[in-house]
Number of protein chains: 2
Amino acid sequence: MNEPTEDEHNYSTKPYRTPDGAPTDIAMFTITSEEKPGAKKALPIRQLKVMLIRRRKWPFEGKWALPGGFTRPTETVQQCAERELLEETGVANVHLEYFQVYSSPGRDPRGWMISHAFVALVQEQALEGRQTSEEASEVRLVPVEEALAMELAFDHRDILGDALARIRQLMMTTTIAKAFLPELFTISELYQVIQTVVPTFEEKNFIRKVTSTQSRQGILEEARGEDGSPLLSNRYSQRPAQLYRFTDYAPELSIYG
Amino acid sequence: MNEPTEDEHNYSTKPYRTPDGAPTDIAMFTITSEEKPGAKKALPIRQLKVMLIRRRKWPFEGKWALPGGFTRPTETVQQCAERELLEETGVANVHLEYFQVYSSPGRDPRGWMISHAFVALVQEQALEGRQTSEEASEVRLVPVEEALAMELAFDHRDILGDALARIRQLMMTTTIAKAFLPELFTISELYQVIQTVVPTFEEKNFIRKVTSTQSRQGILEEARGEDGSPLLSNRYSQRPAQLYRFTDYAPELSIYG
DNA sequence: CTAATAGTGTCTGTAAGACAGTATCCA
DNA sequence: TGGATACTGTCTTACAGACACTATTAG
């Protein structure tokens, strides 16, 4: 380090109490898809789930908690969250977004801990294999409503509630839905994903709105083959449906106009 | 404390390096109004300004910086920001909103400091008297564009840039404009405030949009006297203008419908 | 009267919303 | 052929955008 040391400037952190750590907590969401029993080629049942791990140590030993861990002096909190997510759940290349700080005195029995909360969004496929690992019993995907009813460690239920509110807001105001969708998707897949995260969402004429270039100014574009023919999917329907992708257009919302 | 101590559980924070502090930094914005030279009863010149203080100690001695200070173990970072704002600038009862964490290693020469950044919005009148105090030379309201061109302490220019982006977004998507306005205001005052924060904002027919109950679903309501007569203002115009107030309706924005 | 701001009238295009009807394909 | 999803046609109402026009009052 070429920086001057603390001593050279008569500066010391010792007279003041300093935090005992800067942990991160990560609310990692995924949407699971399950075939409707009976009907093939029907829209699947989708569920929003959050990843929880079971604590092995004091405090809150045996309780379920959000994954996370302590930030190191050599990394940012974002890097810490990426690292912990990889270490604890084996997941990388996730949409990972900081959203809030939790600093109430006494929130952690281990000491003065100011925690940094993230939301992560990941596709179900990215978790495959992970679910059957040797630690499977200690890592669970829990439906969000169920998780909110559980007694979680620390203030993790508050954090989870806030995280859920955040991704609901993000789902309506940004194109974050792409984190839950393949590169190409049909309109009804998109509609289902939005409804899974935001159950109150309902739009008649959803197709009209989202595909009319004029009003939405093209957040979606039709997928076409090299010869210009439309790309279609019949994963969930008899009649093949047009596939779309998100453009990188990000609409600016306003309450004034 | 009735909590179990660390020792009882064989837990100690000592083996790990812990942060040297959890400071807060506050970007406090205000809009100054100045009468147009010459014309009376004309719309005032409004400017967005940010509060800076001059540092007296190492590091960055003599440099301008955002106000802020170290969080104590007995308070949340929000409470810290409120306290520091009061101590350093004499301002209380402000709209104060957390917005980001800054945790790059090396961002503070004093050690490992994870900083919590807030935006504050305050009306010019709330700062009156403060500007002529004995420390006046050490606290300044600087036009934002000027501040962004200055060499500020730490990473405060980055923080200020992010804070500005944040209040621009808040200005367009929430009713935060009320923090810069009196309880009752005219449509053109509102329009001016929005334009001062977001210079690119331009809406022909602003009155129509913002007062049509149908489309905006009433974020504003007309102010009326006890006898039901409309309350008017001629502060900035010859012809008296209708006064409005914000309702507590908060529209939910969506890119999908 | 003029300047300065506040607001209305009116026209055009287009979107929103509702909903019935048609299209496609599998079992 | 029926069921399931994917669209399209069409109609009504309402808003968006433009812009000329009127209203109010200080000086």
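Proteins get letters first, then strands, A, B, ... in listed order; numbering begins at 1 in each.
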When you measure from the side chain of Glu203(A), which nucleotide among dT10(C), dA16(D), dG17(C) comes out closest? dG17(C)

Ring pair (Phe, Tyr, Trp, His ring centres under 6.0 Å) with Phe29(B): which residues, sequence neighbours excluded? none

Interatomic distance where CG belongs to Leu243(A) and P belongs to dC7(D) [whole Å]: 9 Å

Spacing between Gln238(A) atom CD and dG3(D) atom P, to the nearest angstrom: 12 Å

Are the side chain of Thr247(A) and the backbone N or O of Ile219(A) linked by a donor-acceptor pair below 3.5 Å? yes

Expressed as a whole number of angstroms, how long is the span from Tyr244(A):OH to dA6(D):C1'? 10 Å

Output one line per pair: protein atom, nucleotide atom from nucleotides 20-23 of chain C, and distance, for all N/O pairs under 3.5 Å.
| from | atom 1 | to | atom 2 | distance (Å) |
| --- | --- | --- | --- | --- |
| dA23(C) | N3 | Arg239(A) | NH1 | 2.9 |

Residues in salt bridge (Lys or Arg N to Asp or Glu O under 4.0 Å) contact with Arg239(B), at least two apart in sequence or another chain: none

Can you tell which of dA16(C), dG17(D), dG7(C) lies closest to the side chain of Asn205(B)? dG17(D)

How long is the span from the CD1 atom in Ile176(B) to the CZ atom in Phe246(B), to the nearest 0.5 Å? 10.5 Å

Side-chain atoms of residues 160-171 of chain B: list all donor-acceptor pairs with protein atoms under 3.5 Å, sequence neighbours left out, distances to 0.1 Å.
| from | atom 1 | to | atom 2 | distance (Å) |
| --- | --- | --- | --- | --- |
| Asp162(B) | OD2 | Tyr102(B) | OH | 2.5 |
| Arg168(B) | NE | Val197(B) | O | 2.8 |

Within residues 223-237 of chain A, the residues having a heavy atom closer than 4.0 Å to DNA chain D are Tyr236(A), Ser237(A)

Could you list the residues that satisfy salt bridge (Lys or Arg N to Asp or Glu O under 4.0 Å) with Glu222(B), not counting sequence neighbours? Arg224(B)

When we call it a touch if two heavy atoms are under 4.0 Å apart, what does Ile187(A) touch: a base, just sugar-phosphate, or nothing? nothing

Here the distance between atom P of dA4(D) and atom CD of Glu189(A), to the nearest Å, is 19 Å

Using the test salt bridge (Lys or Arg N to Asp or Glu O under 4.0 Å), find all partners of Glu151(A) that sit at least two apart in sequence or belong to another chain. Lys63(A)

Sequence neighbours left out, what passes side-chain hydrogen bond (donor to acceptor under 3.5 Å, both in side chains) with Glu97(A)? Give chain and number order. His95(A)

Send over the distance from Phe206(A) CZ to dA6(D) P, rounded to a whole Å. 12 Å

With sequence neighbours excluded, what pairs up with Glu34(B) under the salt bridge (Lys or Arg N to Asp or Glu O under 4.0 Å) test? none

